[in-house]
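Below is one structure, written out as structure tokens; the observations come after it.
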Amino acid sequence: MTTAVRVRGLAKRYGDVQAVGGIDLDIRAGEVFAILGPNGAGKSTTVEILEGYRRRDAGEVSVLGTDPGRPTREWRSRIGVVLQTANDVAEATVRETIRHFAGYYPNPADPDEVIERVGLTDKAGKRIRQLSGGQRRRMDVALGVIGNPELLFLDEPTTGFDPEARRRFWELIQDLAHQGTTIVLTTHYLDEAEALANRVAVVARGRIVAEGTPATLGGRATAKATVHWAGGSEETDTPTKTVLELSRRFDGEIPELAVIRPSLEDIYLRLIEG
Ligand code: ADP
């Protein structure tokens with residue numbers, strides 16, 4: 001296992017506000033890692049420190065083997081960053097802009113290939129200011145990956161997307177992950193974390209309150225299940241036993257049978273309230 005990101009005891013304060021109050025993280029190379037948490041939890045501060053855009057007060061941080069507090073050009077070229085959309089009004093076209101940014105990297109991807117992968121081929125000749133919000137966001141992602149990064153940071157990548165654009169965007173992220181790119185994303189959307197992430201950390205009040213796979217986070221896999229059927233329901237640690245008993249009682253199929261575990265959202269809300 002190679003570690004892409006290692007954080008120990010990270011802390012950052014703004015005046016009276018302890019934005020990050022002692023975070024430890026290990027993100028493996030090749031992993032998609034999601035940081036979830038309510039507004040103000042300290043997600044952006046943490047990620048901006050990892051990206052080398054913000055100074056920390058305390059803690060050890062290593063990103064691709066380098067301290068982002070002392071970023072080098074070579075290190076920067078190995079990292080892709082997709083920020084929350086800038087609202088500059090750009091007169092250049094999509095293709096011109098991607099080609100221009102490719103020039104900043106030692107081993108850039110092919111601009112037309114990147115444009116194709118983000119689904120903007122038919123918009124390549126359009127000016128950036130003529131793009132829709134979703135297209136503009138895909139352009140941001142194209143700029144994040146044009147340098148062929150080993151590690152890609154995505155800050156709330158699909159805020160404001162319609163459902164179809166989100167699905168397409170998820171496919172793009174999955175493609176990048178399959179090609180071996182390590183991806184760190186912050187999101188408000190639990191379904192997004194569940195669809196994309198190998199592991200999730202929930203941040204609240206500047207600390208990690210839970211960490212795990214989406215399926216097991218916060219004891220989800222071992223939480224009590226609720227068995228529903230026509231005429232009743234039961235909360236139980238042994239849903240299989242309950243279903244077998246019901247099956248005997250109904251002599252076969254159980255009408256309106258459903259076995260329900262807490263959703264990732266149920267677990268998340270419990271964690272951030274705690
Ligand atoms: P999140 O990304 O989870 O919404 P942030 O990292 O943006 O959280 O913010 C964490 C806390 O730090 C919040 O209380 C926020 O108001 C505060 N904060 C963030 N950036 C600054 C800043 N530049 N100056 C002062 N306070 C800040």
Side-chain angles (χ1 to χ4, degrees), residues 4-27 31-63 67-71 79-88 133 136-137 140-141 143-144 149 151-161 166 169-170 173 182-212 214 217-218 264-274:
V5 175
R6 185 176 189 279
V7 174
R8 292 290 177 276
L10 179 66
K12 173 77 180 178
R13 164 183 286 283
Y14 304 104
D16 289 343
V17 178
Q18 188 75 49
V20 177
I23 278 185
D24 298 339
L25 272 180
D26 287 287
I27 300 174
E31 179 166 59
V32 180
F33 192 92
I35 302 177
L36 287 171
N39 277 330
K43 302 181 299 295
S44 298
T45 300
T46 301
V47 169
E48 285 167 16
I49 289 168
L50 302 183
E51 293 166 347
Y53 288 128
R54 222 171 258 266
R55 299 219 148 260
R56 61 188 187 266
D57 298 338
E60 286 167 41
V61 183
S62 167
V63 174
D67 179 346
R70 274 173 255 124
I79 288 179
V81 174
V82 178
L83 302 166
Q84 296 183 31
T85 292
N87 35 20
D88 53 343
R136 178 61 221 257
R137 199 72 188 122
D140 295 336
V141 174
L143 294 175
L151 171 61
L152 179 64
F153 289 103
L154 297 160
D155 196 3
E156 294 179 10
T158 61
T159 299
F161 277 31
R166 290 181 81 210
F169 182 81
W170 289 359
I173 299 306
T182 307
I183 295 170
V184 178
L185 83 135
T186 67
T187 183
H188 288 304
Y189 298 119
L190 296 154
D191 58 341
E192 184 155 287
E194 195 151 35
L196 294 179
N198 305 114
R199 282 194 307 138
V200 174
V202 177
V203 177
R205 297 168 299 277
R207 290 175 178 275
I208 292 180
V209 294
E211 199 182 320
L217 190 81
L264 187 57
E265 181 161 294
D266 295 332
I267 296 286
Y268 170 78
L269 291 173
R270 260 180 241 169
L271 285 167
I272 63 169
E273 280 160 13

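All values below come from the heavy atoms of this structure, side chains included, with hydrogens, waters and symmetry mates left out. Counting convention: from 1, in listed order, for ligands and their atoms alike. Count residues from 1 along the sequence.
- In this structure, CD1 on Ile208 lies 12.0 Å from CG on Leu271, to the nearest 0.5 angstrom.
- Atom 7 (O) of ligand 1 has Ser44 CB, 3.8 Å as its closest protein atom, hydrogens excluded (heavy atom only).
- One distance of note links CZ of Phe33 with CG of Leu185; it measures 10.0 Å at 0.5 Å rounding.
- At least one heavy atom of Arg54 sits less than 4.0 Å from an atom of ligand 1.
- Residue, atom and distance of the protein heavy atom nearest to atom 14 (O) of ligand 1 are Val17 CG1, 3.6 Å.
- Between Ala34 and Ala193, the shortest heavy-atom distance links the atoms CB-CB, 4.1 Å.
- In this structure, the separation between CG on Leu36 and CG on Leu217 is 8.0 Å, given to the nearest 0.5 Å.
- Applying the 4.0 Å criterion to heavy atoms of Pro38 picks out, from ligand 1, the atoms 3 (O).
- Of the inter-residue distances, the one linking Arg166 atom CZ with Arg137 atom CZ reads 12.5 Å to the nearest 0.5 angstrom.
- Considering backbone and side-chain N/O of Ala19, none are found under 3.5 Å from N/O of ligand 1.
- In this structure, atom 16 (O) of ligand 1 is not in close contact with the protein, since no protein heavy atom lies within 4.0 Å of it.
- Set against the non-hydrogen atoms of Lys43, the atoms of ligand 1 under 4.0 Å away are 1 (P), 2 (O), 3 (O), 4 (O), 6 (O), 8 (O).
- Here the protein heavy atom with the shortest distance to atom 27 (C) of ligand 1 is Tyr14 CD1, 3.2 Å.
- Near Ala41, meaning under 4.0 Å from any of its heavy atoms, are these atoms of ligand 1: 1 (P), 3 (O), 8 (O).
- Distance from atom 10 (C) of ligand 1 to its nearest protein heavy atom, with residue and atom name: Gly40 O, 3.4 Å.
- Leu10 contributes atom CG, which lies 8.5 Å from atom CG of Leu25 (distance to the nearest 0.5 angstrom).
- Between the side chain of Arg207 and the backbone N or O of Gly21 there is at least one donor-acceptor pair closer than 3.5 Å.
- Distance remark: protein heavy atom present below 4.0 angstrom from atom 22 (C) of ligand 1.
- We find that Asp140 and Arg136 are joined by a salt bridge, their nearest charged nitrogen and carboxylate oxygen being less than 4.0 Å apart.
- Residue Thr45 has at least one nitrogen or oxygen atom sitting less than 3.5 Å from a nitrogen or oxygen atom of ligand 1, judged on distance alone.
- Counting atoms of ligand 1 from 1 in the listed order, those under 4.0 Å from a heavy atom of Asn39 are 4 (O).
- Residue Glu31 holds its CD atom at 9.5 Å from CG of Asp26, rounded to the nearest 0.5 Å.
- For atom 8 (O) of ligand 1, the closest heavy atom belonging to the protein is Gly42 N, 3.0 Å.
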